[in-house]
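Along the sequence shown, the residues carry numbers beginning at 1. Values reported hereafter were calculated over all heavy atoms of this structure, with side chains retained and with hydrogens, waters and symmetry mates removed.
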Amino acid sequence: MTTTHAEISSPIPRQKTSLERHEESYTREQLLDLSPMRLLKFLESREDTVSLQRFGNYVLRKLIVRGKSDLVHGVYQIMVKRGLSVDHTLRARLVLVLTQDDRLHNAVPILAKLMQHHEYSKDRTVLASALAVAGKMGNVVDAEKYFKSLTELGGKSHDDHITWLLQSYAKKGAIQPMLDRFDECFPPNSERHPTSAHYAVIIHAHSSRGDVAVARSWLSKAAEEGCNLDPPLFNSILSALAKQQDFGGVESLLREMEENAVPRTLVTYNILVAMFARRQDPVSAEQLVRQAIEEGIRLDDKLIHTLIQAHIAAGSWNGVVRVIDFLSRVPDQSPRFSSFVLEALLESYVRIGAPFPVVLRHFRHRLTIWDRKQSYGAYCLLMRSACDTYRFGDAKKFLLELEVKAANPASGFTMDNKPYAVLLAGYLRGSRKKEARELFDSMRQRGISLPVDALAAIVKSYGEKNKRESLEIAERLLNSLIGSGDRDNSWVSTSPKPMQSLFVPAMQAGVELLDAEAVEKQFKILMETGEKLSIEPFTVLLDVHRRLGNLDRARQVWEHIFHLALEEIHNPLVHRIVKATPGSLTSNPLILSQPFSIYIDILSMAGAYDEIVTLWRSVLDAGFAINARNCNAIVLALIRAGQPAGAFRIVEEILFRQHARFRNQLRVLRRRPKSMFLYGDDWDGGDVVVSTPDMRFRSARASKRISIRPEVIDKDPARPLIYMRRRGPYMNYWKPVPATRLALKQVLRHLGDGYVPRPVLGRPNTSSVMHDPEEARRILDGIKVHFPRAVHATLRPVPSSFIQRKRRNINDLFANWQRSRASQRTRRARWWRKQQQAKRRRSRRTHAKLATPSEEFFRQGEDALADRIARRRSGNEGGPG
């Protein structure tokens, strides 16, 4: 028997592993118990289209019932790629699940394909899905059309249909038409009565506008009508109270839920965690997530996304890394399957100031894994990253791309003022006034309202000019906004503290102009608005009196700040909301760090050094934490008080110790975490580096010189966060700042010359010394013996690892530094002589150039000589011979 060439060259079939043979034996019921990653891999590995069709339809039906929108969409995409058909009823139900989970960018394309078929467009299930999408998008015209089509098909309209119709009016903001439609659907003395879902839509509409009192009245009306008090009725009001940071209202509403036996749902915990995220309190956020797990609630990607946002808002980058590492190692919660977690990771990249190519790669590559489409919020974050690095061309390109997608109804995007506000703020921050004006005029022509962020950026741009006329323009703008009387503007209703966000930039402009009267005037107007203020405007007021040396007024402001901080950090309402132990911290303990540094500077300039010690003890005893800025302020105060040994002690025992703790955390953090929680009840705020806007911009600009390999980012999504903490501005946080190093260097210079520092009054750059060589030598020797690292950082700021590697002697280094100081005058004289010599050489070259005749000079001389010779010849010819 002969063997053909085709038989010889045919590949040998690969033997299947035991795991693959086990996977082939899965029953349909066992598929639903698999992790998302293994389930999708199993469906992708099916070579037989018949089995894939059978398994896929079964899994789709079961997952739709369970409401797992993220996973069911992945299964649907696998079946579409393989060319398999999915029943139109099943696709319509899939659209409903995606819509209920706020995944319109996935639901709208599927619905558009369904509506292309004429026979499907008249199906009751398809029309119900279209009505749900229209209600979620706020498209009243389409919602009325689909509701009318469902009514014409016959039969009694479903309660969900009325709910989605009312939701379209609520989403659009048409409150009165919504109430009129509600009365039409449920007339008096009718057999049909509204359900709790219908009341929930009305309550949500009023709560979204901030009308909590009206929403509560509708809640009472629903209870009087005999409706079941479901959690959605309370969650809408709870969300409005949480956005306003009304802890008293939140606590009373939660107590009312307990009295009516209404349980806390996943949405309830999501609202509460988001409230503490806006409060920059990751400890309370983690405590709430723990409570949800203890109550048997299965966490979803939305709650994890909110928890990551709580860490980001507080600057707790270690907490973000912990959550991402935990999710990466747990297959049931893999971040590759959750667009919400991926978007939270993108926000952490932007907030920490990661390089723009890293952010762009995450946006283009990682969000498209498993067919993830870029969401509307992801586009806004990408534009913010581009504006932080002054890539306005890229930001404008992304805005145009977003507008094109929003123009397509199949994309599910709805444009609002957020991306325009991001670009406008970027233009103003980058001094692109012409482009900002053009964008502002375009927004006004298109009827796009300005949010608080954009208005605050405009006020800040005027204040940064440091001119009296600019400050007056900013004041007129604020007066026009307040005097308009339109309290229904979106910038007022959607922001928890709109007036404070507008007045603080104007007050900071007055601080730069050293105009305490203007700052006090703006602060008085802000108080008259009736808005509950935070510590920020009081800190600005304290700063202007610090610069002008008004000690009495500064003490009054500080007492008010300290009282507000105590209420914030030990809030009994927060204890009852979080169910924490009494006496534990209820806020970020670093809340007092900035005004504490300012007040220390005021007291040190006034010579109240004993009061600084009492102040420090009272702040620590109250439960507040200190940061590197406070330590640097205390070091400068000790130098002015004539205590150089104490200043070097702070640098040695606090700054460098915290810096070593920070580096150790980065090394230990990447171990396999057993849970996603980082903080306990004993958290002191020591590992938090709050990401202020200035620090984010500085980090983003510094990241232009940082390159991270793409393959490293693909394998480890948290690697850019660790890299930026090591290489960005956050790395040198627990170190003496340049002003502190200069002051310490001046102290060492005085001690080396035989002068002892004495207490002084005045600005930081003033000094008072007394000539005492013996005392100066004794103090200097003690500083070099007990605080060698502080001395080394002052003289030559190099990493501690370099010191240990070279093992240099501090005394030799100090002697070399003194010798370099002795020869500094000689080097300056030599440099001056070289500059003078170069100046004289340039002068000689200039004079030589001016003294050298030019070609024009020679040409004019030759012409004059030729004319003279010609005249002589003509005279000789006409005269006597």
Quick check: does any side chain N or O of [X] sit under 3.5 Å from a backbone N or O of [Y], one acting as donor and the other as acceptor?
X: Asn235; Y: Val267; value: no
X: Asp301; Y: Ile304; value: no
X: Ser385; Y: Leu381; value: no
X: Thr268; Y: Thr265; value: yes
X: Asn632; Y: Ala628; value: yes
X: Asp325; Y: Arg322; value: no
X: Gln280; Y: Ala277; value: no
X: His362; Y: Leu342; value: yes

Nearest 0.5 Å please: distance from the [atom1] atom of [X] over to the [atom2] atom of [Y].
X: Ile293; Y: Leu288; atom1: CD1; atom2: CG; result: 11.5 Å
X: Leu400; Y: Lys397; atom1: CG; atom2: NZ; result: 10.0 Å
X: His305; Y: Leu303; atom1: NE2; atom2: CG; result: 11.0 Å
X: Leu360; Y: Leu346; atom1: CG; atom2: CG; result: 10.0 Å
X: Arg278; Y: Gln245; atom1: CZ; atom2: CD; result: 6.0 Å
X: Arg384; Y: Arg351; atom1: CZ; atom2: CZ; result: 7.0 Å

Any luck finding a side-chain donor-acceptor pair between [X] and [Y] under 3.5 Å?
X: Lys418; Y: Tyr376; result: no
X: Tyr420; Y: Glu403; result: yes
X: Gln500; Y: Glu531; result: no

For Val250 and Leu272, what are the C-alpha separation, side-chain angles and deciding distance, and is it a side chain to side chain contact (heavy atoms under 4.5 Å, CB included)?
CA-CA 9 Å; Val250 170; Leu272 295 176; 3.9 Å; yes
Contact between [X] and [Y] at the side-chain level, heavy atoms closer than 4.5 Å - yes or no?
X: Arg264; Y: Gln291; value: yes
X: Glu286; Y: Val289; value: no
X: Phe276; Y: Gln287; value: no
X: Leu254; Y: Leu238; value: yes
X: Tyr269; Y: Thr306; value: no
X: Phe624; Y: Ser593; value: no
X: Ile312; Y: Trp317; value: yes
X: Phe356; Y: Leu382; value: yes

What residues, two or more places apart in sequence or in another chain, satisfy side chain to side chain contact (heavy atoms under 4.5 Å, CB included) together with Ser239?
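Side chain to side chain contact (heavy atoms under 4.5 Å, CB included) check on Ser239 returns Lys243, Ile271.
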Under the side chain to side chain contact (heavy atoms under 4.5 Å, CB included) test, which residues partner Ala395, sequence neighbours left out?
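Checked Ala395 against side chain to side chain contact (heavy atoms under 4.5 Å, CB included); matches are Ala386, Cys387, Leu423.
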For a side chain to side chain contact (heavy atoms under 4.5 Å, CB included) check, start with the C-alpha distance between Phe247 and Met275, then their side-chain angles and the critical distance, and finish with the verdict.
CA-CA 9 Å; Phe247 294 100; Met275 178 181 67; 3.9 Å; yes
Does the distance from a Lys or Arg side-chain N to an Asp or Glu carboxylate O, for Lys302 and Asp101, drop under 4.0 Å?
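Looking at Lys302 and Asp101, the cut-off is met.
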How close do [X] and [Y] get, counting heavy atoms only, and between which atoms?
X: Leu542; Y: Pro595; value: CD2-O, 3.7 Å
X: Pro282; Y: Ser316; value: CG-CB, 4.5 Å
X: Ala436; Y: Leu424; value: O-CD1, 3.5 Å
X: Met415; Y: Ala406; value: CG-CB, 3.2 Å
X: Ala622; Y: Leu566; value: CB-CD2, 3.8 Å
X: Thr99; Y: Lys136; value: O-CE, 3.5 Å

What is the ring orientation for Tyr427 with Phe392, classed by angle as parallel under 30°, tilted 30 to 60°, or perpendicular over 60°?
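Tilted.
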Are Phe562 and Val619 close enough, and set up right, to give a side chain to side chain contact (heavy atoms under 4.5 Å, CB included), and what steps lead you there?
CA-CA 9 Å; Phe562 192 75; Val619 167; 4.2 Å; yes
With a sphere of 6.0 Å drawn around NE2 of His311, does it hold more than 12 non-hydrogen atoms of other residues, nucleotides or ligands?
yes
Kindly indicate whether a cation-pi arrangement holds for Arg290 with Phe677, taking the cut-offs as under 6.0 Å to the six-membered ring centre and within 45° of the axis.
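Flagged: Arg290 positioned over aromatic ring of Phe677.
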Residue pair Ile561, Leu564: steps toward the side chain to side chain contact (heavy atoms under 4.5 Å, CB included) verdict:
CA-CA 5 Å; Ile561 290 175; Leu564 285 178; 5.8 Å; no
